[in-house]
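One structure is given below, encoded as structure tokens.
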2 protein chains.
Amino acid sequence: MGRWEPNAQARLRQAAMDLYASRGFERTTVAEIAERAGLTERTFFRHFADKREVLFAGSERLQELLVETTAASFEASGPAGAVVAAFEHAATSYFPEVAFSRQRQDIIDANPPLQERELAKLDRVAAALAQVLRDRGVADPAAAVAAESGVAAFKVAFTRWVTGAAEGELIDHLRAAFTTQRSLLGAPVPVTPGT
Amino acid sequence: MGRWEPNAQARLRQAAMDLYASRGFERTTVAEIAERAGLTERTFFRHFADKREVLFAGSERLQELLVETTAASFEASGPAGAVVAAFEHAATSYFPEVAFSRQRQDIIDANPPLQERELAKLDRVAAALAQVLRDRGVADPAAAVAAESGVAAFKVAFTRWVTGAAEGELIDHLRAAFTTQRSLLGAPVPVTPGT
DNA sequence: ACCGCGATGTCAGCCGCTGTCATCGGCTCG
DNA sequence: CGAGCCGATGACAGCGGCTGACATCGCGGT
């Protein structure tokens, strides 16, 4: 590639993770990250769109995975079933050990700007999944609802998994969340009286 | 209050909305907003936490409303029903005319940072609703799932209402979203095969 | 008349982020 | 083997969001 040390991007990410974990996200400057990686601040911004993105680079991979799996399961499982299948597949094949996810999540949970970015990523996932369903003929309220509801259940499962609120792997929490969702919403909802 | 023109906060908000709409969010500086409002940049940040918050101040009111209504409907309607009732009540009593919401949403849709903030607000709403349910004895996967699913349906309904994707008031889109959600998720979901 | 206080102004400064141009090697091609 | 292209990085200047610290000004109460 170049005449410099290789893996500039990986070095930057590692330096950022270390500093975010030890000193905190806010009190870490981009200049510090770059210096620790043996690069300059300008180069940091050539590899990452902004200071937050370091923690989310690679999330496109999850989205692609979910899109592919949803598309693959659609014919057999229908809209909601395909979304469920996609998340269940990702739960067992995409996410690293809890320990790693937890460390990362601790950093995110401690910093509102990072939470915002995480929610944005999840929203893009929902939009992408909805589009997959639309491309396959699902009309619009249903497509969007299926996608958003799937993401909603995933958020709950992921949170419970990563915080260790209860025993079990991510896939267990995910199945529990989907089951809970079906039983909560499947039951007839009383019509709200006019007041 | 003071010796200056009154309604400083309202003037700042109006100035910001005008400039965001005409010049765009990015190309509007806080100094310009303040000048247009007859104040200084420093004063802007005394009224709004950051440049984005101008568009979201007042969203706490929606959250409070939803929390109150959910709490009030809980006993009669249960977790999911209370959340549904809360959103339906808000849909008819909180949101201004479409035209106003649409103008605001156009600004938000054009700027990723604003979308992130909006998602953050919705996430706080979900967290608050989940807490209401927990306080009333709903165990945790269910509380979080009910809240997040309600927000998911609301997101879809609001989007369709504000973009004019279909006819109808917000409440109509909301009922359609909830109905769609029930029929999609209430049906038995096929078990995903081992492959 | 005096004083406390809250809202605003002023000033200096950090830091995220960007545009622009220079630099340095490895690479291809003749 | 030399010339020149090219991709990755460096160096520098600058804007703008945001904050801390301190001064100022009048309103309202005593």
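Worth knowing before you read on, the calculation uses all heavy atoms, side chains too, and leaves out hydrogens, waters and symmetry mates. Quick caveat, the model's predicted, so the values are computed rather than measured. Chain identifiers are assigned alphabetically (A, B, ...) following the order of the sequence lines, protein sequences preceding nucleic acid strands; residue numbering begins at 1 within each chain.
Note: CD (B:E32) to C1' (D:dC18) measures 16 Å, nearest angstrom. One atom, CZ of B:R46, and another, C1' of C:dG9, lie 7 Å apart when rounded to the nearest Å. As a whole-Å value, the separation of B:E35 CD from D:dG17 P is 14 Å. The distance between atom NE2 of A:H47 and atom P of D:dG7, rounded to the nearest whole Å, is 14 Å. Between the P atom of C:dA7 and the CZ atom of B:R11 lies a distance of 14 Å, rounded to the nearest Å.
Here B:L66 contributes atom CG and B:R61 contributes atom CZ; the two are 9.5 Å apart, rounded to the nearest 0.5 Å. With rounding to the nearest 0.5 angstrom, the OG1 atom of B:T180 is 13.5 Å from the CZ atom of B:R175.
For the pair B:R104 and B:F56, the cation-pi test (distance below 6.0 Å, angle within 45°) is passed.
Taking each heavy atom of B:F48 and B:R13 in turn, the nearest pair found is CE2-NH1, 3.9 Å.
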I'd like a table of atom pairs between the protein and nucleotides 16-18 of chain C - only N or O on both sides, under 3.5 Å - with the distance next to each one.
from	atom 1	to	atom 2	distance (Å)
C:dG16	OP1	A:T28	O	3.3
C:dG16	OP1	A:K51	NZ	3.2
C:dG16	OP2	A:V30	N	3.2
C:dC17	OP2	A:K51	N	2.7

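A salt bridge links A:K121 to A:E60: one of the charged nitrogens lies within less than 4.0 Å of a carboxylate oxygen.
With contacts defined as side-chain heavy-atom distances shorter than 4.5 Å, the pair A:F95/A:L62 qualifies.
The side chain of B:T43 places no N or O atom within less than 4.0 Å of a non-bridging phosphate oxygen (OP1 or OP2) of C:dT8.
Listed by residue number, the members of residues 107-122 of chain A with any heavy atom below 4.0 angstrom from DNA chain D form an empty set.
Taking the six-membered ring for Trp and thresholds of 30 and 60 degrees, A:F178 and A:F87 have ring planes inclined between 30 and 60 degrees apart.
Remark: B:D106 engages no residue in a salt bridge (charged side-chain N to carboxylate O under 4.0 Å, His left out) (not counting sequence neighbours).
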